[in-house]
Protein chains: 2
Amino acid sequence: MTLTNRKVPMTSNTDSRNGPIERRSLHDDVVARVRDMIVTGELPPNSRVPERIICEQLGISRTPLREALKVLAHEGLLDLPPNRGAVVTPLTVEDVNETFEVMGALEALSGELACARITEEEVLEIRSLHSQMLLAYKRGDLPEYFRLNQQIHEAILTASRNHTLQSSYYTLMGRVRRARYMANLSPERWKQAVEEHEDILDALTNRDGARVARILRTHLKNKAEVVKESLLVQRPGEEGGEPPTRSAERGRGIRP
Amino acid sequence: MTLTNRKVPMTSNTDSRNGPIERRSLHDDVVARVRDMIVTGELPPNSRVPERIICEQLGISRTPLREALKVLAHEGLLDLPPNRGAVVTPLTVEDVNETFEVMGALEALSGELACARITEEEVLEIRSLHSQMLLAYKRGDLPEYFRLNQQIHEAILTASRNHTLQSSYYTLMGRVRRARYMANLSPERWKQAVEEHEDILDALTNRDGARVARILRTHLKNKAEVVKESLLVQRPGEEGGEPPTRSAERGRGIRP
DNA sequence: CTTTGCAAAAGTGAATGCAATATGCATAAT
DNA sequence: ATTATGCATATTGCATTCACTTTTGCAAAG
């Protein structure tokens with residue numbers, strides 16, 4: 001649970017591994033760690049994030065934590081009302097709508113760019129991931145299906161050769177990733193998603209950028225529906241993770 | 001130059017204006033102020049940003065400044081190598097390429113959404129801005145043209161009714177806005193841009209989302225070319241503003 | 001029984017202090 | 001002359017402290 005075991009002052013990490021000296025700042029670790037706590041639901045929506053509690057959990061002082069909170073607030077994962085402490089931003093249906101509209105445009109762009117820039121090796125790699133994904137689908141292995149699914153989209157994003165696009169996409173994904181929509185994938189929708197992936201692979205093989213873009217956008221629009229349903233279905237308290245303080249109980253978990 | 005004149009400790013702003021109580025944190029002011037310093041070129045690309053200097057300029061302590069620096073680094077305006085201080089991220093041609101590709105997709109989306117959601121009043125407002133912009137064009141008033149141009153694009157973005165889209169767009173704009181490309185608008189390109197705007201207004205009036213999207217994307221692609229040329233033309237030291245330390249002179253201002 | 005007033009407690013916002021790291025320069029070695 | 005080395009200085013990273021705001025608990029009034 002703690003990033004470090006020592007309470008004594010320290011600056012950078014003193015790892016004794018070889019290779020290029022990895023100089024990460026404590027701050028970056030904290031951003032990643034707290035973001036993870038939010039995305040996984042360890043810090044549920046609407047729960048307060050008292051600095052002192054988190055500081056003790058992570059074994060750090062308030063300064064680096066506060067720097068991290070500002071960044072996460074900028075990412076949209078936290079609200080920071082003045083003098084009232086950080087609150088995990090709840091995910092509304094409207095948020096999901098907006099975010100998926102933007103992600104749809106970005107993913108369409110990634111498909112289009114990828115068609116122009118992807119290498120033959122990368123197409124083969126995606127084809128391999130696709131085959132594995134089909135197997136996971138056929139045996140009903142939902143978690144594995146999701147994992148491979150995500151890998152395929154990441155591979156397309158990588159092939160777009162646009163880091164700005166990638167980071168924008170991942171930031172948005174971080175916001176909606178908190179919704180636990182996996183269980184909401186109906187057999188019909190699952191089948192449809194697999195078919196869409198068949199089309200994507202086909203269009204990608206033919207380097208048909210416009211078609212890849214079109215399918216990806218539709219694909220994401222359908223996914224948005226699944227995610228939205230999951231928000232409506234879930235009850236407060238079901239999102240997993242224990243509230244760090246009693247204050248969290250006041251929140252409704254997911255705002256309708 | 002300073003945000004506050006007092007050196008005494010203070011928390012929130014004690015403005016005595018009426019209306020909804022505006023509670024801005026010092027931190028947010030600092031983010032905005034330093035971002036402005038970067039965008040306007042007061043802090044030129046590649047210049048170091050020593051905490052102490054900026055603190056004295058703004059009349060604040062290091063803590064809020066450091067929090068602001070983290071956020072700006074996250075926005076991509078600063079690099080923060082560990083223990084070596086903040087450096088203003090230089091804008092490369094590649095950055096501009098990437099950013100405009102993404103902005104093109106976002107602006108196309110905004111046009112499409114706007115067509116579906118814009119009110120008649122908003123169309124009239126844009127038509128008014130467009131007329132004023134035409135006048136500015138005809139009398140060769142470049143600054144006024146740019147201002148109205150930007151207002152039109154903002155109006156379309158607003159009409160898209162998607163705050164996530166808006167904030168994503170503005171973040172990306174902040175990165176490329178540092179390039180001073182105004183002077184690089186050739187008469188031919190200017191004429192072309194005006195014609196494109198005619199088309200945009202026409203398509204918007206007819207609520208032809210696909211067409212607005214297509215034109216906006218082309219429009220932005222052309223703009224990207226203008227911005228890229230400005231990067232190649234500019235010499236180091238021309239970006240305005242004095243480096244806060246001699247260290248800045250080491251930088252090349254704009255990386256080719 | 002509810003509401004209001006106020007004081008104590010808790011928590012945030014910002015400033016300061018201290019240890020660790022990087023930087024610059026003088027000096028020495030090749 | 002050029003490169004390496006050691007020390008002094010400057011600057012950053014984080015912890016701690018102080019100041020201020022909000023919340024909370026409780027008592028008294030309505």
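In what follows, every chain begins at residue 1, and chains take the letters A, B, ... in the order their sequences are listed.
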Next on the checklist: Rounded to whole Å, please give me the gap between CG in B:Leu78 and P in D:dT12.
Outcome noted: 12 Å
Checklist entry - Quick one: A:His27 NE2 to D:dG13 C1', roughly how many Å, whole number? => result 12 Å
Item to check | Distance, rounded to the nearest Å, where A:Glu56 contributes CD and D:dT16 contributes P | outcome: 12 Å
Item to check | Nearest-neighbour nucleotide for the B:Arg84 side chain, C:dA14, C:dT12, C:dA22 considered | outcome: C:dA22
Next on the checklist: Check the phosphate of D:dC14 against A:Thr63, side-chain N and O only, distance under 4.0 Å to OP1 or OP2. Yes or no?
Outcome noted: no
Checklist entry - In terms of the nearest nucleotide of DNA chain C, which residue is placed more toward the 5' end: B:Pro64 or A:Gly85? => result A:Gly85
Checklist outcome for this item: Residue set satisfying ring-ring contact (aromatic ring centres under 6.0 Å, His included) with A:His74, at least two apart, ordered chain then number -> none
Checklist outcome for this item: Here the distance between atom P of C:dG11 and atom CD1 of A:Ile54, to the nearest Å, is 12 Å
Checklist entry - Taking atom C1' of C:dA22 as reference, at what distance in whole Å does atom CD of B:Glu51 sit? => result 14 Å
Item to check | Side chain proximity check, A:Asn97 to B:Thr164, heavy atoms < 4.5 angstrom | outcome: no
Checklist entry - Separation of A:Asn83 atom CG from C:dT12 atom C1', in whole Å? => result 6 Å
Checklist entry - Ignoring hydrogens and angles, are the base of C:dG11 and the side chain of A:Arg62 linked by a donor-acceptor pair under 3.5 Å? => result no
Next on the checklist: Tell me if a side-chain donor or acceptor on A:Arg52 pairs with a main-chain N or O of A:Arg62 at a distance below 3.5 Å.
Outcome noted: no
Item to check | Listed partners of A:Met173 passing side chain to side chain contact (heavy atoms under 4.5 Å, CB included), at least two apart | outcome: A:Met103, A:Gln150, A:Tyr169, A:Tyr170, A:Arg177
Item to check | Pair B:Glu42 + B:Arg178: basic N to acidic O under 4.0 Å | outcome: no
Checklist entry - Separation of B:Leu65 atom CG from C:dA15 atom P, in whole Å? => result 10 Å
Next on the checklist: Checking contacts here: which listed nucleotide (D:dC14, C:dT12, C:dA14) is nearest the side-chain heavy atoms of B:Ser61?
Outcome noted: C:dA14
Item to check | OP1 or OP2 of C:dG13 under 4.0 Å from side-chain N/O of A:Arg66 | outcome: yes
Item to check | Separation of C:dG13 P from A:Leu69 CG (nearest whole Å) | outcome: 9 Å
